[in-house]
Amino acid sequence: MLARFETDVLHSVKKNKQPIKSKVTPIYQTTAFTFADLDELEGYYQGQGNYLYSRVGNPNTDELAEAIAALECAPAGVATSSGLSAILAGVLAVVKSGDHIVAAEDLYGGSFHLLKEELSQFGVEITFVSFEERSSIESVIQSNTKLLYTESITNPLLRVQDIDEFVQIAAKHNLITLVDNTFATPYHCQPFTKGVDLVVHSATKYIGGHSDVTSGVLVGRQDLLEKARAKVVNLGTNVSPFEAWLTTRGLKTLAIRMERQSRNAKELAKALLENKLVEKVYYPFEHGENGYGAIVTIKLSNSVDVNEFFKNLSWVKIAPTLAGVETSVSHPVITSHRALPEEARNALGITMEVVRISVGIEHAADIISVFDQAIQQASK
Ligand SMILES: *Cc1c(COP(=O)(O)O)cnc(C)c1O
C-alpha cells in the first residue's frame, strides 16, 4: 500500500487508465465493448487488455474490486451484485458436492440461509457451531471439511473473532478460511494480512456507506479468486457498472465515516451502559480506543415496551439494514435473523428485546439524547 489508511482509501481507486483523462472514472454503462478487427478480438482472448462483455468484466466493476483488494492487502478481487453473491462465489471457489463447511453459528441470517437452504441442496454439508472456543470448532471438523467460515465482528451481538486462532485451526487441519469483514471493514481489520484466504464484504454496508447501492466484493488468494471470478461470470452475479461506480464513490470516504461512526458508537454504548432501562449493551469496548465498529446492540429491560420505543425514535429511521451515514435501528428477530430458527436465536440471546443500532455521523450528543428519550418514554 501507498501510505496511511486514510490516504490509501482514496488512492486505492486507481487513476483512470482510459485515453480521455477524466478525474473520476466515467460510468461504462454498456453491455459490451467493440473491436476494430479480428486481430484486436483475438488479442482480447490472448489476454491483451480491453474488455469484451460486461458480465465478464467492466472497468467500473474491476475498479471497485481492485480498490478493495488493495485496502485488504490481497492480490485479487471480484465485485458482485450483493454481499450474498460474494459469499456464494467464495464458498463455491472452495467446496463441491460431498464437501463439508464448518461455520460460526452466529452468522448473518442471510448467510445462514444461503448455506443451509441452498448449498445443502447441492450435496454440501454444513455444521454451524459456536466459534467462541477452539475446542468446539475442532470437535466438528471431519475428513471432508474444506472451509472454515466466520465474521470478524458478528451480527448482531458483536463477538470479535480471534483471527489468529481461527487461522491456526485452519492451518492445523489444512482448511481454507473465509471471513466476512462487513462490520469491521478494512479500516479496523484486515484478515488477509493475518493469513485468511478469502475476505468478503457486503459493500451494501460500510464500503458503499450511503444506503443507496447493493453490491459485494470478494478478495483474497489469487488462485481462489480465479475460481471465484469464474463462478461470478457463469452464475451471472456480476454487479452493474453504475452500482460499482456508486460503491467506489462511497468508498472514498470510508476512513472518515468509520472514524466518526465508531467513535460515536462507543460514546453511545457508554451512555447506554448507564441507563437503568437497558439490561445489556453489546459493544467490543476492549478493542480500539476510539471504538471498534459502528454497531451498538442493546437488550432493553422488560420494563420497556419495545414497540413504543421504536415509535418514539424521533428522527432515527427504522430500517432493516445498517452502515449508512444516518443513524438507524433494526430489530434482528423480525428482520435480519428471522431466518434463524427460534431456538437457535434464543440460545444466542437474540430475543424480542434486542435492538441493533447502526450509528451514523450525526453529533454524538444528539444520538445519545434521542435514544435516552425514546427509552424513557417507552418505560412501562
Ligand atoms: C448484509 C450482510 C450480508 C449480505 O449482504 P447483501 O449485500 O445484503 O447481500 C452478509 N454479511 C453481513 C455481515 C451482512 O451484514
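When a ligand or atom number is given, it counts from 1 through the structure's own listing order. Values below: every heavy atom of this structure, side chains too, minus hydrogens, waters and symmetry copies.
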Checking [X] side chain against [Y] main chain: does a donor-acceptor pair fall under 3.5 Å?
X      : Y      : value
Ser358 : Ala323 : yes
Arg356 : Pro332 : no
Glu151 : Tyr108 : yes

Practice task
Might you confirm whether atom CD of Glu342 has over 12 heavy atoms from other residues, nucleotides or ligands at distances under 6.0 Å?
Solution key: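 No, not enclosed.
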Any nitrogen or oxygen of [X], main chain or side chain, under 3.5 Å from a nitrogen or oxygen of ligand 1?
X      : result
Thr214 : no
Phe183 : no
Ile87  : no

Handout entry: SB check Asp305 Lys380 (cutoff 4.0 Å)
Key =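 So Asp305 does not pair with Lys380 through a salt bridge.
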What residue and heavy atom of the protein are closest to [atom], and at what distance?
atom                    : value
atom 4 (C) of ligand 1  : Tyr108 CE2, 3.5 Å
atom 14 (C) of ligand 1 : Lys205 NZ, 2.9 Å
atom 7 (O) of ligand 1  : Thr204 OG1, 2.6 Å
atom 9 (O) of ligand 1  : Leu84 N, 2.9 Å
atom 5 (O) of ligand 1  : Ser202 OG, 2.9 Å

Exercise for the section: If a pair satisfies ring-ring contact (aromatic ring centres under 6.0 Å, His included) and one of its residues is in residues 258-290, list it, with sequence neighbours excluded. Expected result: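 Residue pairs passing ring-ring contact (aromatic ring centres under 6.0 Å, His included), neighbours aside: Tyr283-Phe285, His287-Tyr292.
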Exercise for the section: Could you see which bit of Asp180 sits under 4.0 Å from ligand 1, with heavy atoms only: side chain, backbone, both or neither? Expected result: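 Only the side chain of Asp180 comes within reach of ligand 1.
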Exercise for the section: Among Ile, Leu, Val, Met, Phe, Trp and Tyr joined by side-chain contacts under 4.5 Å, find the other residues sharing a cluster with Phe122 and list them by chain and number. Expected result: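 Besides Phe122, the cluster holds no residue at all.
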